[in-house]
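Below is one structure, written out as structure tokens; the observations come after it.
Along the sequence shown, the residues carry numbers beginning at 1. For the numbers below, each heavy atom of this structure counts, side chains included, while hydrogens, waters and symmetry mates do not.
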Amino acid sequence: MNAREFAFKVICDIETNKNYSNISINKHFKNIDIKNAERGFATELIYGVVENKYYLDYIINKLSKIKVKKMSTFVKTIIRMGTYQILFLDSISDYAAVDESVKLAKKYDKRSSGFVNAILRNEIRNKETIKNIEEKDKAKALSIKYSYNQWMIESWIERFGIDFTEELLEENSKKPNIYIRVNTIKISRDELIEKLVKLGIECSKVNNIEEAIEVKNLKNIENNELFSQGLFTIQDISSMIVGKTINPKENSLVLDVCSAPGGKTTHIATVMKNTGKVVARDVFKHKLKLIKSTVDRLGLSNVDIEEYDALKSDEESVEKFDYVLTDVPCSGLGIVRRKPEIKYKEKEDLKELPIIQRNILDNSSKYVKVGGTLVYSTCTIQDEENIDVVEAFLKDNSNFRLDPIDSVDIDKEEQSSGVLKIYPNIHGMDGFFIAKLVRVR
């Protein structure tokens, strides 16, 4: 199977089953034989089409009497792929883009091959002007250019202003950096860097996070011998900052109420130098297996994994823990660079999230000892899921107060207030919100 057909199958899976692209790619790579040399091109096609879906549809609709929304999944996927190759990939010849698209159409929807050929050749003839966005409304124009549901653009313009919003959209359109977290139980950062360099991997230290390394050309991570040995794990800087914010002392008792896939859990366990205990909970059994796999690979013995729903109160855990982490389910609007499908979420789909988040925070607060720490975090930049939830909680719970975040150095003014708002366009990392609270009585 060649790269284009592989990309076609993955994109159809994403479109039909609403899967995240990274999950669908990994699933198909395991089940379909594709040469390593073809993987890079296939991945570029998949992410390129998914990330630019609205823009591609806008272009196609300029030339097609049949609008994209009325096309079958097979046909619109083939035309989107062809359009992306013609207008966005300089390394691909127009002839190859059209010819290979028509071949796919003949194989999967033979009647549409002439239609696919006509649309793509028309794009080539109008290549100089077809990408122009003829839309006066700024929010709508930006939603087309960067392929976002328009309500997101409007909400950010209202909250942040137009300049900040455009900077955020531009930053979110770039490929994210890849960071790894050194497993300091087994190896030092300098020693791991030395081993990585010997494998031909370009890497550099990250300021302020002593466990973090930025890597440039790390591919097929699961097959990497150092990864298999448990010397590192993949984790973004923002996520590492959560563990550094908690910063538990050795031999502490910690609860992570929404642990999967286990990055923050294992970081906390490592910070404690494999002492004490971290109780890692999640409601889904398949996610608990992911946590266990990571814990075992890293060689951690201080993690207990439990199946439990964070929305349910656990009387046996009341006032039991020194530290509690509530990394709650959220809209994910801080990690669009890694999961571009998030851009297409409907506003209605997210309206219940603050209620769920507050419920989990209320339950989690009961488990904290007097003098203990409660950390609330999300991977979104929406105030209604972040500071609004925390402020409402504090209003109803005078036995908690915000506590300065002094274990990292990102934004001193915000950290002194006990909250940290991380934005991709300002901090160069995934968007996150972190609040550190302490129980005073």
* Inspect the contact between Glu214 and Lys216 and indicate whether a charged nitrogen and a carboxylate oxygen are less than 4.0 angstrom apart. => yes
* For residues Thr265 and Asp256, is any side-chain donor paired with an opposing acceptor at under 3.5 Å? -> yes
* To do: Find the distance between CG (Leu361) and OG1 (Thr326) and round it off to the nearest 0.5 Å.
  => 5.0 Å
* Determine, for Glu384 against Arg159, whether the closest basic-nitrogen to carboxylate-oxygen distance falls under 4.0 angstrom. => yes
* Asked: When you measure from the side chain of Lys186 to the backbone N and O of Gln229, does any donor-acceptor pair fall under 3.5 Å?
  -> yes
* May I ask you to say whether Glu307 pairs ionically with Lys287, meaning some side-chain N is under 4.0 Å from a carboxylate O? => no
* Asked: Which distance, rounded to the nearest 0.5 Å, do you find between the OG1 of Thr270 and the CD of Glu211?
  -> 8.0 Å
* Under 3.5 Å, is there a donor-acceptor pair between the side chain of Lys131 and the main chain of Leu87? -> yes
* Asked: Is the shortest distance from a Lys or Arg side-chain nitrogen in Arg337 or Glu171 to a carboxylate oxygen in the other one below 4.0 Å?
  -> yes
* Please say whether the positively charged group of Lys195, taken as NZ for Lys or CZ for Arg, lies over the ring of Phe232, i.e. under 6.0 angstrom from the six-membered ring centre and within 45 degrees of the axis. => no
* Asked: How far apart are the closest heavy atoms of Gly82 and Ser101, and which atoms are they?
  -> CA-OG, 3.5 Å
* Asked: Counting distance only, does the side-chain N/O of Asp282 pair as donor-acceptor with the main-chain N or O of Cys258 below 3.5 Å?
  -> no
* Partner of Arg4 by side-chain hydrogen bond (donor to acceptor under 3.5 Å, both in side chains), out of Gln85, Glu38, Glu100 -> Gln85
* Check whether the ring centres of Tyr344 and Tyr148 lie less than 6.0 Å apart, and answer yes or no. => no
* Ion pair Lys107/Glu5, N-O distance below 4.0 Å -> yes
* **Value rounded to 0.5 Å, distance of CD in Glu346 from CE in Met152** => 8.0 Å
* Please answer whether the main-chain N or O of Leu437 pairs with a side-chain N or O of Asp403 as donor and acceptor at a distance below 3.5 Å. => no
* Within 45° of the axis and under 6.0 Å from the centre of the six-membered ring of Phe393, does NZ or CZ of Arg358 qualify? -> no
* Any salt bridge between Asp57 and Lys53, counting N to O under 4.0 Å? -> no
* To do: Give, for atom CD of Glu44 and atom OH of Tyr84, the distance between the pair rounded to the nearest 0.5 Å.
  => 3.5 Å
* To do: Determine whether more than 12 heavy atoms belonging to other residues, nucleotides or ligands lie under 6.0 Å from atom NZ of Lys277.
  => no
* Asked: For atom NZ of Lys320, is the number of surrounding heavy atoms from other residues, nucleotides or ligands below 6.0 Å larger than 12?
  -> no
* Asked: Looking only at heavy atoms, what is the nearest atom pair of Ser331 and Gln382, with distance?
  -> OG-CG, 4.0 Å
* Asked: Is the side chain of Glu341 donor-acceptor paired with the backbone N or O of Ser21 at a distance under 3.5 Å, no angle test?
  -> yes
* **Pi-cation contact, Phe432 with Lys421 (under 6.0 Å, within 45°)** => no
* Mind telling me whether Tyr108 and Phe8 have parallel, tilted or perpendicular rings, with 30° and 60° as the class edges? => tilted
* To do: Determine, for Lys249 against Asp322, whether the closest basic-nitrogen to carboxylate-oxygen distance falls under 4.0 angstrom.
  => no
* Asked: If you take all heavy atoms of Lys244 and Val408, which pair is closest and at what distance?
  -> CB-CG1, 3.4 Å
* **Greater than 12 external heavy atoms within 6.0 Å of Lys145's NZ** => no
* Can a salt bridge be assigned to the pair Lys339 and Glu51 using a cut-off of 4.0 Å between side-chain N and carboxylate O? -> no
* Asked: Got Leu45 and Phe6 here, is their nearest side-chain heavy-atom distance under 4.5 Å?
  -> no
* Begin from the C-alpha positions of Thr266 and Arg181 and carry the test side chain to side chain donor-acceptor pair (under 3.5 Å) through to its verdict. => CA-CA 10 Å; Thr266 54; Arg181 193 190 78 237; 3.2 Å; yes
* To do: Answer yes or no: are there more than 12 heavy-atom neighbours, outside Lys347 itself, under 6.0 Å from its atom NZ?
  => no
* Using distance alone, with no hydrogens and no angle criterion, decide if Ser147 and Asn52 have a side-chain donor and acceptor under 3.5 Å apart. => no
* From CD1 (Ile11) to CG (Asn19), nearest 0.5 Å -> 13.5 Å
* To do: Take Phe88 and Leu56 through the side-chain contact (heavy atoms from CB on, under 4.5 Å) test and state the conclusion after the steps.
  => CA-CA 10 Å; Phe88 294 88; Leu56 294 171; 3.7 Å; yes
* Asked: Between the side chain of Arg281 and the main-chain N/O of Ala310, is any donor-acceptor distance below 3.5 Å?
  -> no
* **From Asp362 atom CG to Leu311 atom CG, the distance as rounded to the nearest 0.5 Å** => 11.0 Å
* Between Thr77 and Glu15, is any side-chain donor less than 3.5 angstrom from a side-chain acceptor? -> no
* Asked: Of the non-hydrogen atoms in Ile86 and Val98, which two are nearest, and what is the gap between them?
  -> CD1-CG2, 4.1 Å
* Is the number of heavy atoms from other residues, nucleotides or ligands within 6.0 Å of CD (Glu194) greater than 12? -> no
* **Electrostatic pair Asp99:Lys103 at N-O distance under 4.0 angstrom** => yes
* Asked: Is there a donor-acceptor contact under 3.5 Å linking the side chains of Ser228 and Glu225?
  -> no
* Asked: Under 3.5 Å, is there a donor-acceptor pair between the Glu170 and Tyr146 side chains?
  -> yes
* To do: For the residue pair Arg189 and Thr184, confirm or rule out a side-chain donor-acceptor distance under 3.5 Å.
  => no
